[in-house]
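Reading through the structure tokens given below for one structure.
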Amino acid sequence: MNFTENLRLAWSCVRSNKMRSILTMLGIIIGISAVITISTLGSSLRQTISGTYSDMMSTNQLAMMWIATSEEDANELEPCRFDLETTYKFKEAFGGQVSSVLLDAYPGAGVYHYGDEEKMVNLVGQSEGYTETNKYDILLGRDIEYQDSFEHRKVCVVSDNFVKYALGDVSNPIGTRVEFDVTDNSGNSYIASAYIIGVYKLSEKQSSLTGQAKVSDKEKVTDAIIPISYAWELMGTPEAYQKNDVLYINAASGVDSKTLMDNITKYFESMKEPSSSYFLLIQSLEQQLKMISRVLDVVTIVISIIAAISLIVGGIGVMNIMLVSVVERTKEIGIRKALGAKNKVIESQFLVESVLICAIGGIMGILLGLLNGGIIALVAKFIVSRLEDFSFLSVNVSPPVMMIIISFLFSTLVGIVFGLYPARRAARLSPIDALRYE
């Protein structure tokens with residue numbers, strides 16, 4: 001008897017005892033659906049975090065800083081820091097591997113007065129690459145560049161929101177002079193004046209990220225980007241201290257981040273003093289995302305394994321029902337053996353039936369798990385879209401393809417493992433004893 005015939009007989013047995021078959025499958029269905037539901041939620045959460053980061057900022061960004069080898073060195077030695085000249089030379093040396101190198105400073109909050117009203121902004125000092133890092137689109141003009149800092153230009157890049165409400169929505173604000181009343185973190189006040197050289201588009205997601213989702217467009221506080229040299233000037237930073245502890249780098253498209261990090265480390269390590277007790281630490285946003293993904297994967301797998309324990313219970317139920325089936329069909333087994341059926345044929349018949357029950361239960365569990373996971377993820381997506389403070393999240397529903405395949409194979413394996421004993425018991429029945437059985 002071939003596999004097709006065994007499958008047909010197994011299917012007829014399952015159909016003839018529908019209720020018993022469904023109850024037998026229940027443990028498999030619950031176990032597989034729990035695993036798939038958890039995996040779907042874990043995969044969706046991972047894709048949501050990755051998608052949100054990708055939407056909000058450049059994922060090919062590297063952050064680097066000098067770290068002391070010991071606490072004693074950190075307290076006693078002058079820390080290694082990054083200045084404008086050094087970072088510009090670094091960018092020139094790395095050519096097409098790096099798209100922008102960022103030093104930043106934050107002079108404080110500024111107020112722009114127009115008529116009897118005022119518009120709030122945050123002054124942000126940058127060397128370059130602000131709009132690239134934050135994924136802003138430049139609508140008019142250009143972004144801040146290193147040359148603006150080297151030539152001490154008093155220029156700025158503002159948002160389209162600022163142009164619309166503070167400048168009367170003029171068609172071309174490039175070249176317009178603006179003045180801000182700035183108050184720094186120490187409470188000091190001063191006037192910052194600059195000429196607009198660029199306008200970027202403020203996205204709704206960026207507004208949500210800064211907690212301004214519920215604020216009207218007119219009242220939103222946006223960033224006004226100025227050259228970092230001007231920011232240091234406004235802050236009264238002495239030239240000797242015009243340096244940053246952290247340097248941000250945007251890798252060029254297509255560049256391998258690991259190779260770039262190795263090359264950057266060699267470049268800066270070769271420039272430090274041989275006696276220096278500092279080493280260069282580089283972290284990438286991509287690495288951090290991968291680390292988060294690995295943590296989520298581990299948590300998902302652990303919870304899935306716990307949920308999969310119910311499959312053992314389901315497997316025991318399958319074994320129990322198959323043993324009952326052997327007893328019920330003892331006379332049939334005797335007749336088939338009397339007609340010449342070999343032990344392997346009897347064994348394969350019952351084994352195929354066990355595997356079929358578990359496979360059907362596995363498929364039903366997968367479908368139920370995908371439905372549960374999809375519904376929960378869609379409900380979460382609906383709730384998030386209605387909560388303005390979290391509307392920047394890009395909720396994705398991501399079915400775990402690999403886990404679906406593994407779950408189906410595992411359910412089949414359960415059918416083999418827990419169906420093997422009943423199948424062998426059926427195969428080893430004596431034909432004479434089986435025929436006498438009532």
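Quick caveat, the model's predicted, so the values are computed rather than measured.
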Any donor-acceptor pair under 3.5 Å from Ser407 side chain to Ile32 backbone | no

Over 12 foreign heavy atoms within 6.0 Å of OH, Tyr114 = yes

Begin with the C-alpha distance, continue with both residues' side-chain angles, and end with the deciding distance and a verdict on salt bridge (charged side-chain N to carboxylate O under 4.0 Å, His left out) for Lys164 and Asp160.
-> CA-CA 6 Å; Lys164 181 177 181 179; Asp160 58 341; over 6 Å; no

Has Phe410 got more than 12 heavy atoms of other residues, nucleotides or ligands less than 6.0 Å from its CZ?
-> no

Non-hydrogen atoms of Leu102 and Gln126 that approach each other most closely = CD2-OE1, 3.2 Å

Under 3.5 Å, side chain of Asn244 to main-chain N/O of Leu247, donor-acceptor pair present?
-> no

Should we count NZ of Lys91 as having more than 12 external heavy atoms under 6.0 Å?
-> yes

Do Pro227 and Val155 have side-chain heavy atoms sitting under 4.5 Å apart?
-> yes

Check: Gln61 and Thr133 side chains under 4.5 Å, non-hydrogen atoms | yes

Is the shortest heavy-atom distance from the side chain of Tyr106 to the side chain of Val124 under 4.5 Å?
-> yes

Does the side chain of Thr87 pick up a donor-acceptor pair with the side chain of Tyr146 at under 3.5 Å?
-> yes

Compare all side-chain heavy atoms of Tyr130 with those of Val157 and state whether any distance is below 4.5 angstrom.
-> no

Looking only at heavy atoms, which two atoms of Lys119 and Lys220 are closest? And how far apart?
-> NZ-O, 2.9 Å

Using atom types as modelled, flag every donor-acceptor pair under 3.5 Å from a side chain in residues 228-238 to any protein atom, sequence neighbours excluded.
from   : atom 1 : to     : atom 2 : distance (Å)
Ser229 : OG     : Ser149 : O      : 3.1
Tyr230 : OH     : Ser193 : N      : 3.0
Tyr230 : OH     : Ser193 : O      : 2.8

Are Ile197 and Asp148 close enough that some pair of their side-chain heavy atoms sits under 4.5 Å apart?
-> yes

Go through the steps for Asp223 and Asn134 under the test side chain to side chain contact (heavy atoms under 4.5 Å, CB included), then give the verdict.
-> CA-CA 11 Å; Asp223 293 338; Asn134 293 280; over 6 Å; no

Do you see a donor-acceptor pair shorter than 3.5 Å between the side chains of Asp143 and Thr131?
-> yes

Apply the test side chain to side chain contact (heavy atoms under 4.5 Å, CB included) to residues Leu167 and Val178: give CA-CA distance (whole Å), side-chain angles for both, the deciding distance (0.1 Å), then the verdict.
-> CA-CA 9 Å; Leu167 302 181; Val178 290; 4.2 Å; yes

All heavy atoms of Pro107 vs all of Val182, minimum pair found to be O-CG1, 4.2 Å

Answer yes or no: is there a side-chain heavy-atom contact under 4.5 Å between Arg81 and Asp245?
-> yes

Nearest-0.5 Å distance, CD1 of residue Ile282 to CD1 of residue Ile67 = 11.5 Å

Could you walk me through whether Val318 and Val414 pass the side chain to side chain contact (heavy atoms under 4.5 Å, CB included) test, one step at a time?
-> CA-CA 9 Å; Val318 170; Val414 168; 5.6 Å; no

Distance-only side-chain donor-acceptor flag, Ser100 / Asn250, under 3.5 Å | yes

NZ (Lys154) and CD1 (Ile226) are apart, to the nearest 0.5 Å, by 10.5 Å

Could you check if a side-chain atom of Met261 sits within less than 4.5 angstrom of a side-chain atom of Met64, using non-hydrogen atoms only?
-> no

Establish, yes or no, whether a centroid distance under 6.0 Å links the rings of Phe82 and Phe268.
-> yes

If you look at every heavy atom in Tyr267 and Ala93, which pair is closest and at what distance?
-> CE1-CB, 3.9 Å

Side chain proximity check, Ile357 to Ile28, heavy atoms < 4.5 angstrom = no

